[in-house]
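A short worksheet on the structure shown next.
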Protein chains: 2
Amino acid sequence: MADQIREEESHGITVEAPAVLRSEPSRPATRAEEIAAALEDEIVQGELAPGQRLDEQVLGKRFRVSRTPVREALRLLGASGLVTLEPRLGAIVARPTVSEIFDLFELVGEMEAVAARLACERMGDADRERIMATHDACRVAGRSGDAEAYIERNDAFHAAIHIASENRALRDQIQLLNKRLAPYRRFITFRPERKQAAEQEHEVLARALLKGDADAAARAMKEHVKMLAEDAFVLARSLRL
Amino acid sequence: MADQIREEESHGITVEAPAVLRSEPSRPATRAEEIAAALEDEIVQGELAPGQRLDEQVLGKRFRVSRTPVREALRLLGASGLVTLEPRLGAIVARPTVSEIFDLFELVGEMEAVAARLACERMGDADRERIMATHDACRVAGRSGDAEAYIERNDAFHAAIHIASENRALRDQIQLLNKRLAPYRRFITFRPERKQAAEQEHEVLARALLKGDADAAARAMKEHVKMLAEDAFVLARSLRL
DNA sequence: AAGCAATTTCGTGTATACACGCCGCGTGCA
DNA sequence: TGCACGCGGCGTGTATACACGAAATTGCTT
């Protein structure tokens with residue numbers, strides 16, 4: 001499963017996809033953290049499906065390390081809710097129940113709404129710029145067919161709001177929740193109808209934000225996430241998931 | 001420390017303060033989890049002060065285990081934000097900056113407000129009973145001098161609201177945040193003035209909840225946490241912390 | 001042939017051993 | 001006397017080895 005083809009790269013430039021949302025000044029980092037980051041990426045990107053078994057020895061071979069750092073990586077991911085660890089049974093990619101997914105969507109909606117309200121009250125010029133810029137980028141990417149690019153810009157738009165909220169803890173929590181929901185959001189975000197609807201919702205949201213209407217922004221955000229969640233559930237049902 | 005006085009209650013409803021927040025049906029649990037739980041308790045109870053160094057070998061000897069389970073326990077606590085892990089330097093009990101503490105208080109306030117709103121909309125008879133009972137218990141404990149008991153009942157009151165909100169993810173998040181803030185809440189909660197103020201705030205909150213006024217409940221809750229945070233900061237400043 | 005049970009196998013939980021980076025102390029030099 | 005460089009101790013990071021429990025497989029019984 002794509003074990004060897006990892007180092008070499010066609011350009012000579014190692015791709016290193018995300019890089020955008022790196023928080024710390026990238027301290028040395030231990031093997032365990034590297035592995036955790038790699039696995040997290042694969043889970044979020046949907047390469048590792050929920051329910052997938054994560055065997056310590058197999059992963060150890062794959063990353064060319066012993067079981068020890070692998071274990072630590074799995075514990076790390078377990079604590080953030082991305083994988084489920086059952087004592088004596090091992091680790092699997094987290095597979096929340098429908099009810100749990102519902103709760104997570106509701107929670108992230110509420111927290112995004114809080115972020116939107118705070119952003120309204122606190123944003124400076126730089127924040128306003130960033131929100132407008134990312135919103136525009138979102139719109140552009142929406143018209144082109146590139147779903148991956150759209151997802152990235154959509155995240156950037158939301159991130160701009162989180163930053164403007166001036167509360168790091170809030171931002172971290174939302175991003176963590178989004179990671180946990182990523183496998184389920186992906187399904188729906190790829191659909192063209194959803195992108196169009198999202199665009200409109202973003203429009204309302206951006207307008208409220210720039211106008212400084214905190215209540216309207218919070219309401220728009222909650223509605224936005226609610227729509228996403230509902231579509232996700234409808235789609236999931238139609239796919240018998 | 002107030003371990004025995006737990007069953008008795010003025011109504012006939014056993015309050016059963018902690019125990020409520022036990023998530024799993026208490027599976028076997030591994031040594032690492034036990035150690036993590038023990039350390040967590042000591043941190044939350046204030047026995048281990050923020051900044052305190054956590055030496056793996058020392059802890060290993062203390063719990064009569066090798067470094068391996070200790071390491072896993074520390075990783076666990078690190079992921080939940082209770083300890084800070086610096087690669088190659090080791091672990092210390094988390095010592096957030098003032099700004100971070102501020103963010104955490106704000107976040108927990110917003111989330112408690114969300115919980116209060118949802119509780120208003122969703123609570124059934126059992127929830128209503130529990131909220132009333134824990135509120136009363138809180139009042140009783142407030143008049144007696146026992147600060148430990150008061151803290152416990154205060155937690156139970158809030159837990160009753162979280163339960164009524166019918167969103168497990170929300171509840172878990174709030175409880176995690178409260179653990180991280182515990183060392184800083186303790187200072188202030190012991191003060192008699194705060195207890196009295198809290199009682200009044202609880203009164204307003206409970207009234208709004210029982211009346212079903214979601215907006216008022218949310219507002220009251222946010223105010224309640226805000227007051228707590230402000231008092232904590234004032235006290236911290238006066239103590240040069 | 002199907003069901004059940006004992007055994008074997010495999011993977012995790014824990015212990016121990018080795019490697020490497022960080023810190024403190026001492027010595028030599030300006 | 002003060003500072004810089006180097007060396008040694010120490011603690012974490014990683015690897016390896018052993019123990020225990022759970023699942024799977026095989027053989028027996030009905």
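Note that the structure is a prediction, hence the values are computed from the model and not measured. Here is how names work: the chains are called A, B, and so on, in the same order as the sequence lines, proteins then strands, and each is numbered from 1. Keep in mind that the numbers below use all heavy atoms, side chains included, and drop hydrogens, waters and symmetry copies.
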Contacts of A:Arg31 that satisfy salt bridge (charged side-chain N to carboxylate O under 4.0 Å, His left out) - sequence neighbours left out: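 Expected list: none.
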Output all residues satisfying salt bridge (charged side-chain N to carboxylate O under 4.0 Å, His left out) with B:Glu106, sequence neighbours left out; order by chain, then residue number.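 In terms of salt bridge (charged side-chain N to carboxylate O under 4.0 Å, His left out), with neighbours along the sequence ignored, B:Glu106 is linked to A:Arg122.
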Figure out the [atom1]/[atom2] separation between [X] and [N], and round it to whole Å.
{"X": "B:Arg64", "N": "C:dA15", "atom1": "CZ", "atom2": "P", "result": "13 Å"}
{"X": "B:Leu85", "N": "D:dT12", "atom1": "CG", "atom2": "C1'", "result": "11 Å"}
{"X": "A:Phe63", "N": "D:dA15", "atom1": "CZ", "atom2": "C1'", "result": "18 Å"}
{"X": "A:Glu56", "N": "D:dT14", "atom1": "CD", "atom2": "P", "result": "15 Å"}
{"X": "B:Glu86", "N": "C:dC22", "atom1": "CD", "atom2": "P", "result": "11 Å"}
{"X": "B:Arg88", "N": "C:dC23", "atom1": "CZ", "atom2": "P", "result": "12 Å"}

Under the ring pair (Phe, Tyr, Trp, His ring centres under 6.0 Å) definition, can you give me all pairs with a residue in residues 76-107 of chain A, not counting sequence neighbours?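 For residues 76-107 of chain A, and leaving out neighbouring residues, the ring pair (Phe, Tyr, Trp, His ring centres under 6.0 Å) pairs sorted by first residue read A:Phe102-A:Phe233.
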Only pairs at least two apart or in different chains count here, so list each ring pair (Phe, Tyr, Trp, His ring centres under 6.0 Å) that has a residue in residues 53-75 of chain B.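 Of all non-adjacent pairs touching residues 53-75 of chain B, none passes ring pair (Phe, Tyr, Trp, His ring centres under 6.0 Å).
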Tell me which residues in residues 68-83 of chain A lie within less than 4.0 Å of DNA chain C, going by non-hydrogen atoms.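 Of all residues in residues 68-83 of chain A, the ones placing a heavy atom under 4.0 Å from DNA chain C are A:Arg71, A:Arg75.
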Select base, sugar-phosphate, or nothing to describe what B:Arg31 touches, counting heavy atoms under 4.0 Å on all strands.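 Touches sugar-phosphate only.
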With B:Ser99, which residues qualify under side-chain contact (heavy atoms from CB on, under 4.5 Å), at least two apart?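 Partners of B:Ser99 by the side-chain contact (heavy atoms from CB on, under 4.5 Å) criterion, ordered by chain and then number, come out as B:Thr97.
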Restricting to side-chain contact (heavy atoms from CB on, under 4.5 Å), what partner residues turn up for A:Arg186, sequence neighbours left out?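 Scan of A:Arg186 (side-chain contact (heavy atoms from CB on, under 4.5 Å), adjacent residues dropped) gives A:Gln45, A:Glu148, A:Ile151, A:Phe190.
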Test: A:Glu112 and A:Lys222 ion pair at under 4.0 Å: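 Looking at A:Lys222 together with A:Glu112, the answer is no, because their closest N to O distance does not fall below 4.0 Å.
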Once side-chain hydrogen bond (donor to acceptor under 3.5 Å, both in side chains) is applied, do any residues pair with B:Glu72, and if so which ones, sequence neighbours excluded?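 Expected list: A:Arg71, A:Arg75.
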Please pick, from [options], the nucleotide with the shortest atom-to-atom distance to any side-chain atom of [X].
{"X": "B:Val65", "options": "D:dT12, C:dT12, C:dA15", "answer": "C:dA15"}
{"X": "B:Ser66", "options": "D:dG11, C:dG11, C:dA15", "answer": "C:dA15"}
{"X": "B:Arg53", "options": "D:dT12, D:dA15, C:dT12", "answer": "D:dT12"}
{"X": "A:Asp55", "options": "C:dC23, C:dT12, D:dT12", "answer": "C:dT12"}
{"X": "A:Leu89", "options": "D:dA23, C:dA15, D:dG13", "answer": "D:dA23"}

How bent is the helix from C:dA1-D:dT30 to C:dA30-D:dT1, measuring the angle between the end axes built from five pairs each, rounded to 10°?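 End-to-end axis angle: 10°.
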Working to the nearest 0.5 Å, report the span between CG of A:Leu77 and CG of A:Leu82.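 That separation rounds to 6.0 Å.
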So, does the side chain of B:Arg67 form a donor-acceptor pair with the base of D:dG13 at under 3.5 Å?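 Looking at the base of D:dG13, it does pair with a donor or acceptor on the side chain of B:Arg67 (distance under 3.5 Å).
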